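Here's the structure, in structure tokens; my notes come after.
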Amino acid sequence: MTASRNIELADRLSKMTSSSTLRVLQMTERLRAEGIDVISLGAGEPDFPTPENIREAAITAIGAGFTKYTAAGGIADLRRAIIERMRRDFDADFGMEEVIATVGGKQAIFEAIAAIVNPGDEVLIPSPYWVTFPEVVHFCGGTPVFIDTEPEDFQLTAEAVRERLTPRTRLLVLNSPNNPTGRVVPPEEVRRIVELAAERDFRVLIDDCYLYFVYPPVEPFSAAGLPPELASRCMVTGSFSKTYAMTGWRIGYALGPAEWIKAMVTIQSHSTSNPTSISQYAAIEAFAGRQDSVREMLDEYRRRRDWLVAALNEIPGVKCLLPEGAFYAFPNIRGLLSGDLPTSRALADALLEHAGVAVTSGSAFGAEGYIRLSYATGLDDLQRAVERIRAYLDRR
Ligand code: GLU
């Protein structure tokens with residue numbers, strides 16, 4: 001290709017940066033391709049295979065020829081399966097016009113924000129936050145307004161939301177269990193937050209990505225099950241990627257007011273057309289079929305969590321809370337930072353280069369002084385990774 005002139009990119013990209021979690025994944029893959037042994041605790045990707053019944057459902061769909069365009073918002077059978085599952089688990093009451101199937105939870109989040117945020121609108125985002133939230137707000141010309149939850153051990157409260165409201169507040173993005181902290185907002189607090197949204201006239205986008213990965217005594221809770229007058233303030237987005245180890249299938253969903261959903265279908269009809277037909281059939285089986293694999297994965301994640309958090313807390317200079325959900329440990333590593341390692345990014349880079357362990361820096365999630373370790377990785381690898389980290393820190 002001949003050398004290109006500088007491309008003048010659109011203004012809407014001026015503040016958008018690429019995904020830090022996916023960057024760590026790509027860096028790990030590149031190093032492995034060069035023959036370097038890297039233990040990946042970077043991107044949150046389940047190490048389990050997609051359960052067999054789900055893979056079989058996809059193969060059956062291909063055999064039956066379901067390989068063509070579908071309705072932009074997803075086939076009726078999948079939308080019905082999502083509504084049914086939310087009814088069964090959370091007593092939620094949604095109609096067929098209030099649900100959309102999407103290309104992963106990420107597309108649902110993108111469309112939900114793009115459908116209602118105007119340039120100049122403020123979007124409240126509790127921090128630490130998943131890397132994608134502020135970037136999508138930037139893309140839409142909105143202004144992210146962060147609510148720092150670190151002083152409250154990462155617990156978001158309605159009071160903290162109230163303090164950051166302004167006449168320009170359009171939306172709050174709530175992610176519980178939270179990526180990266182694993183914190184769960186208790187149901188009564190979610191209710192208070194949504195009541196505040198009704199009182200002060202803003203909307204709430206609830207990212208349920210880790211909905212089913214909570215550790216006892218915490219139980220799954222979705223705002224989809226709030227009474228209709230409150231649920232109608234919200235857009236609840238979900239994903240099959242984590243719960244069913246289906247990251248590559250790119251399939252997710254959203255439930256919310258019909259008008260908001262309709263706008264999302266319009267965006268979808270001009271971007272991806274529809275989610276992949278085969279993935280939609282697989283997702284029906286995921287939600288309607290047997291759930292033993294989810295319980296098995298959760299038990300294994302809990303075993304790993306307990307081991308990893310205890311092991312991290314034994315490292316001098318590291319303090320780690322016990323996550324209530326998701327599959328990330330998010331230790332405070334300020335005690336390790338010094339002259340040659342001044343930031344969490346510098347530490348993450350050093351661990352990759354000198355210890356062969358990929359982690360994500362806290363700064364990517366708006367939390368300098370922390371790193372994120374995904375324990376969606378086998379216990380053997382977690383043990384080897386901690387040994388390598390300890391050995392690196394000892395020889396510094
Ligand atoms: N959500 C996962 C993570 O936070 C996967 C990568 C991504 O989509 O951000 O690592």
Side-chain angles (χ1 to χ4, degrees), residues 16-30 38-48 50 102-113 125-139 144 154 173-184 205-214 237-254 272 275 279 297 301 304-305 308 323-331 344-345 348 351-352 357-367 370-377 381-382 385:
M16 194 187 208
T17 55
S18 65
S19 166
S20 327
T21 45
L22 295 184
R23 196 173 52 231
V24 177
L25 190 67
Q26 278 150 17
M27 254 156 43
T28 305
E29 276 166 10
R30 203 183 55 230
V38 177
I39 304 172
S40 174
L41 313 184
E45 168 147 57
D47 57 322
F48 300 98
T50 304
T102 55
V103 182
K106 206 178 253 182
Q107 189 183 32
I109 289 163
F110 191 97
E111 291 170 350
I113 295 174
I125 303 178
S127 80
Y129 47 76
W130 180 43
V131 296
T132 290
F133 298 144
E135 301 309 330
V136 178
V137 173
H138 281 139
F139 186 81
F154 305 129
V173 183
L174 197 154
N175 169 221
S176 171
N178 174 277
N179 174 7
T181 66
R183 263 279 185 239
V184 171
L205 168 58
I206 305 201
D207 174 12
D208 267 357
C209 183
Y210 300 91
L211 173 62
Y212 290 104
F213 287 153
V214 288
T237 64
S239 172
F240 292 85
S241 297
K242 315 292 179 176
T243 315
Y244 300 99
M246 289 176 73
T247 48
W249 299 72
R250 310 311 304 133
I251 186 83
Y253 63 89
T272 58
S279 298
M297 286 190 265
Y301 287 141
R304 297 173 186 178
R305 174 197 70 161
L308 179 63
E324 299 167 287
F327 42 56
Y328 305 106
F330 198 60
S344 59
R345 177 76 188 260
L351 290 178
L352 185 60
V357 179
V359 302
T360 313
S361 68
S363 52
F365 308 97
Y370 289 80
I371 55 172
R372 190 191 76 172
L373 299 88
S374 163
Y375 51 87
T377 299
D381 274 345
L382 287 176

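FYI, side chains are in, hydrogens and waters are out, and symmetry mates aren't considered; it's all heavy atoms of this structure. Counting starts at 1 for both ligands and their atoms, in listed order. Since this is a predicted model, take the numbers as computed values, not measurements. Here, residue 1 is the first one in the sequence, and each next residue gets the next number.
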Nearest non-hydrogen partners of Ala43 and Thr21, listed with the distance: CB-O, 3.7 Å
Put together the list of close N/O pairs, under 3.5 Å, between ligand 1 and the protein, could you?
unit_1, atom_1, unit_2, atom_2, d
ligand 1, 1 (N), Lys242, NZ, 3.1
ligand 1, 4 (O), Trp130, NE1, 3.2
ligand 1, 4 (O), Asn179, ND2, 2.9
ligand 1, 4 (O), Arg372, NH1, 3.0
ligand 1, 8 (O), Lys106, NZ, 3.0
ligand 1, 9 (O), Thr21, OG1, 2.6
ligand 1, 9 (O), Trp130, NE1, 3.0
ligand 1, 10 (O), Gly44, N, 2.7
ligand 1, 10 (O), Arg372, NH2, 2.8

[X]: side-chain contact (heavy atoms from CB on, under 4.5 Å) partners, not counting sequence neighbours:
X	value
Pro126	Thr149, Leu156, Leu172
Thr247	Glu45, Pro46, Ser241
Ser40	Thr28, Arg32

Any donor-acceptor N/O pair, Ser279 side chain to Trp249 backbone, under 3.5 Å: yes
Check: Ser239 side chain, Cys209 main-chain N or O, donor-acceptor pair, under 3.5 Å: no
